[in-house]
Amino acid sequence: MSTIMVLNGPNLNLLGTREPEMYGHETIADVEVLCRDTAAALGHDIDFRQSNHEGVLIDYIHEAGRRIKEGEVLGVVFNPAAYTHTSVALHDAIKGADVPVIEVHISNVHTREAFRHHSYISPVALGIVVGMGVQGYALGIQGLVHKLKA
């Protein structure tokens, strides 16, 4: 059984309390349960992490690349949050570590402020799930497994 890493960027620890009209009432703990249940149904484990720090997320991506090469990890479902729109470093980490990533966003970033319309992650992602609420994590896990098993 391989593991899928689910990585969460800044402020996602505030899910359930931060702008619930935008992000819903589910907490980060609820998202973790959803991810574990979805992955288990597909025969996989979850390594679920959140950080507000860009460098820590880069370290997680590097770790994922190493663990993929060792056959421990299948790939990454990643909600980079605000770093989506600012982090060339995360783009470079994903590309450099050769990590298959599904990019996930709870809200539809394309209906929000103009600065949210650009992603540095999308060009190096296998796929993108946008605007499906926290259910997007489940869709991302399913999509990652589908694309890598095809």
Side-chain angles (χ1 to χ4, degrees), residues 1-15 18 23-24 26-110 112 115-150:
M1 181 183 300
S2 62
T3 298
I4 296 168
M5 290 182 78
V6 178
L7 303 180
N8 296 277
N11 300 311
L12 289 167
N13 56 304
L14 300 176
L15 278 178
R18 175 185 174 225
Y23 299 108
E26 294 92 346
T27 66
I28 193 81
D30 297 330
V31 173
E32 183 172 0
V33 169
L34 172 66
C35 291
R36 289 192 186 286
D37 290 348
T38 302
L42 298 168
H44 297 281
D45 285 329
I46 289 291
D47 183 346
F48 192 91
R49 304 178 188 190
Q50 186 275 329
S51 179
N52 293 318
H53 305 282
E54 184 178 29
V56 171
L57 293 166
I58 291 166
D59 290 342
Y60 291 163
I61 294 291
H62 292 174
E63 177 187 343
R66 178 186 51 77
R67 291 178 67 195
I68 288 165
K69 287 175 184 65
E70 294 169 356
E72 296 174 20
V73 167
L74 182 65
V76 174
V77 172
F78 188 21
N79 184 343
Y83 289 138
T84 302
H85 320 292
T86 63
S87 185
V88 174
L90 282 168
H91 167 106
D92 289 350
I94 293 164
K95 187 174 180 180
D98 196 25
V99 174
V101 166
I102 301 292
E103 179 182 354
V104 172
H105 298 285
I106 295 169
S107 68
N108 183 348
V109 294
H110 303 290
R112 298 183 62 192
F115 70 86
R116 296 187 195 275
H117 298 177
H118 179 268
S119 169
Y120 284 100
I121 307 307
S122 295
V124 292
L126 285 177
I128 307 160
V129 181
V130 176
M132 301 302 292
V134 297
Q135 189 62 32
Y137 285 88
L139 296 169
I141 290 166
Q142 293 165 346
L144 180 72
V145 171
H146 173 76
K147 289 204 65 110
L148 294 179
K149 300 279 179 165

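All values below were derived from every heavy atom in this structure, side-chain atoms included, with hydrogens, water molecules and symmetry-related copies excluded.
We find the OG1-CD distance between Thr3 and Glu72 to be 7.5 Å, quoted to the nearest 0.5 Å. Here the CD1-OG1 distance, from Ile46 to Thr38, works out to 8.0 Å after rounding to the nearest 0.5 Å. Within the model, atoms CG of Asn13 and CD of Gln50 stand 4.0 Å from one another, a figure rounded to the nearest 0.5 Å. Between atom CD1 of residue Ile102 and atom CD1 of residue Ile121 there is a gap of 13.0 Å, rounded to the nearest 0.5 Å. Put simply, CG on Leu15 and CD1 on Ile106 are 4.5 Å apart, with the number rounded to the nearest 0.5 Å.
Among pairs with a residue in residues 127-145, those fulfilling side chain to side chain donor-acceptor pair (under 3.5 Å) read Asn8-Tyr137, Asn79-Tyr137, at least two apart in sequence or across chains.
Scored by the ring pair (Phe, Tyr, Trp, His ring centres under 6.0 Å) test, Tyr120 finds His118 as partners (sequence neighbours excluded). In terms of the side chain to side chain donor-acceptor pair (under 3.5 Å) criterion, Asp59 has no residue partners (sequence neighbours excluded). With sequence neighbours left out, the side chain to side chain contact (heavy atoms under 4.5 Å, CB included) criterion links Asp92 to Val88. In this view, Val124 and His91, Ile94, Lys95 satisfy the side chain to side chain contact (heavy atoms under 4.5 Å, CB included) rule, not counting sequence neighbours. Scanning for side chain to side chain donor-acceptor pair (under 3.5 Å) contacts around Tyr83 gives an empty result, with sequence neighbours left out. Listed by chain and residue number, Val33 satisfy the side chain to side chain contact (heavy atoms under 4.5 Å, CB included) test with Asp37 (two or more places apart in sequence, or in another chain). By the side chain to side chain contact (heavy atoms under 4.5 Å, CB included) test, Arg66 is found to be paired with Glu63, Glu70, residues two or more places apart in sequence or in another chain being considered. For Ser51, the side chain to side chain donor-acceptor pair (under 3.5 Å) test picks out no residue, with sequence neighbours left out. For Thr27, the side chain to side chain donor-acceptor pair (under 3.5 Å) partners two or more places apart in sequence, or in a different chain, are Asp30.
Taking both residues in full, the closest heavy atoms of His62 and Ala93 are given as NE2-CB, 3.8 Å, listed atom of the first, atom of the second, then distance. Here the shortest heavy-atom pairing between Gly9 and Leu57 reads CA-CD1, 3.8 Å. Considering every non-hydrogen atom in both Ile128 and Ser122, the closest pair reads CD1-OG, 3.3 Å. Listed here is the closest heavy atom pair of Gly136 and Val129: CA-CG1, 3.6 Å. In terms of heavy-atom proximity, Ser119 sits nearest to Thr84 at OG-CG2, 3.3 Å. Contact detail for Ala82 and Pro10: the closest heavy-atom pair is N-CG, 4.3 Å.
Between Val99 and Val73, the closest side-chain pair of non-hydrogen atoms is not below 4.5 Å. Looking at heavy atoms from C-beta onward, Pro80 lies in side-chain contact with His105 at the 4.5 angstrom threshold. Ile68 places a side-chain heavy atom less than 4.5 Å from the side chain of Pro100. A heavy-atom distance below 4.5 Å is found between the side chains of Leu90 and Ile58. Inter-residue side-chain proximity for Cys35 and Ile141 is flagged as met; some heavy-atom pair is nearer than 4.5 Å. Using a 4.5 Å cut-off on side-chain heavy atoms (C-beta onward), Asp47 and Tyr60 make no contact.
No more than 12 heavy atoms of other residues, nucleotides or ligands lie within 6.0 Å of NZ in Lys147, so this atom counts as exposed by the packing criterion.
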